[in-house]
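Letters A, B, ... are given to chains in the order of the sequence lines, protein chains preceding strands, and every chain is numbered from 1.
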2 protein chains.
Amino acid sequence: MPTPHYGQPLYRVIADELRERIESGVIPPGALLPAESVLTVEFRASRGTVRRAIAALRNEGLANTEHGRGTYAQANSYDHDPNRCSGIETRQREVAADAELADLFGIEVGALLIEYESVTRRGRGVERVARVYRLKPTCH
Amino acid sequence: MPTPHYGQPLYRVIADELRERIESGVIPPGALLPAESVLTVEFRASRGTVRRAIAALRNEGLANTEHGRGTYAQANSYDHDPNRCSGIETRQREVAADAELADLFGIEVGALLIEYESVTRRGRGVERVARVYRLKPTCH
DNA sequence: AGAAATTTGTCCGTATGTATC
DNA sequence: AGATACATACGGACAAATTTC
């Protein structure tokens, strides 16, 4: 059992797949992801690798893990019905790109990006705020 | 980017920094050090290098590692309230809270937050940028 | 109320492949 | 060539929070 990682590292492949399931609604907001032990079987990966993938999702604000419980999907990207929420506050708006975002996306400073913001609360305080930026859908 | 080690090897630099925190009381006696995974991020070092640094502290009697639990700071006294500095996961920096973040977190505008940024690429371009904000870990 | 099972958190040891000094 | 360091990945074990019986 060597260490291929030709092309993409395995943990990123797993993260991409799980992200897709969350964003597509296969795993709806607020639902638990499969346990780590289940994911190791499905992706034939070690637990460490699975955990690394999940950590990536947490960093993107797409997942929220609780000790002894599991990892919850967090609503984030495009919802098809902006009026419906399931306990997680998200919102979408347009913002002007700052210098760093402009550089990353290869656009001009001040150009408009779409920003999704989601707020995670713990108790009565705010634990985390995630802001996800994307290019506006290309119109032609 | 790898392997500068001008003068001192990285593992020794890390050991020096952690020793400083323990001896200065930043990490009080009996408290847990940040997890290996956290230290790899903070010091931008591989796990092997971090473990080597911690091993050095153990050798000096400054730290005490328990399997499955963590590494404790070990000074010359015993029994203090188990204090935890919670962790960090990827490349992070400190930023000043804008009005909205300040409102959400219940802090003052301009107060420092920890920002994690992750970039998802598609082909040559950037598909999305996620910025996740958290309060700075308060260790009291 | 208590024990067992589940699940996440952390550490241990090892391994392969690459890159730089 | 050797030492240092990186990223990736495996499997195992123990610890701790939560849920289930």
Discussion item. Under 4.0 Å from OP1 or OP2 of D:dA16: is there any side-chain N or O of B:Arg69 that close?
Written reply: yes
Item to complete: Would you mind reading off the distance between A:His67 atom NE2 and D:dA16 atom P, rounded to a whole angstrom?
Response: 9 Å
Worksheet item: Taking atom types as modelled, is there a side-chain donor on B:Thr40 or B:Ser37 under 3.5 Å from an acceptor on the other?
Response: no
Discussion item. On DNA chain D, does the nearest nucleotide to B:Arg52 precede the nearest nucleotide to A:Gly68 from the 5' side, or the other way round? Give the residue.
Written reply: B:Arg52
Practice prompt. Supply the atom-to-atom distance B:Ile14 CD1 to B:Leu57 CG, rounded to the nearest 0.5 angstrom.
Written response: 10.5 Å
Discussion item. In whole Å, I'd like the distance from the CD atom of B:Glu66 to the C1' atom of C:dG9.
Written reply: 14 Å
Practice prompt. Could you check which of D:dT8, C:dC11, C:dT8 has an atom nearest any side-chain atom of A:Arg51?
Written response: C:dT8
Worksheet item: Between D:dT18 atom P and A:Leu32 atom CG, what is the distance in whole Å?
Response: 14 Å
Item to complete: State, with a plain yes or no, whether a side-chain heavy atom of B:Leu39 is found less than 4.5 Å away from one of B:Arg47.
Response: no
Worksheet entry | For atom OH of B:Tyr72 and atom P of C:dC11, their distance in whole Å | 10 Å
Worksheet entry | Spacing between A:Leu10 atom CG and C:dT16 atom P, to the nearest angstrom | 18 Å
Worksheet item: How long is the line joining CD1 of A:Ile54 and P of C:dT8, in whole Å?
Response: 7 Å
Worksheet item: Mind checking what makes side chain to side chain donor-acceptor pair (under 3.5 Å) contact with B:Asp98, not counting sequence neighbours?
Response: A:Arg131
Discussion item. D:dA9, OP1 or OP2 - any side-chain N/O from A:Tyr11 closer than 4.0 Å?
Written reply: no
Worksheet item: So does A:Arg44 have more than 12 non-hydrogen atoms from other groups sitting under 6.0 Å from CZ?
Response: no
Discussion item. Any residue in residues 38-49 of chain A with a heavy atom nearer than 4.0 angstrom to DNA chain C? Just list them by number, or reply none.
Written reply: A:Arg47
Worksheet entry | Which atom of B:Ala45 lies closest to which atom of B:Val50, heavy atoms considered | CB-CG2, 4.2 Å
Item to complete: Please report, rounded to the nearest Å, how far the C1' atom of C:dT8 is from the CG atom of A:Asn64.
Response: 13 Å
Discussion item. So for atom CD, which belongs to A:Glu94, do other residues, nucleotides or ligands contribute more than 12 heavy atoms lying within a distance under 6.0 Å?
Written reply: yes
Discussion item. How many whole angstroms separate atom CD of A:Glu36 from atom C1' of C:dT7?
Written reply: 7 Å
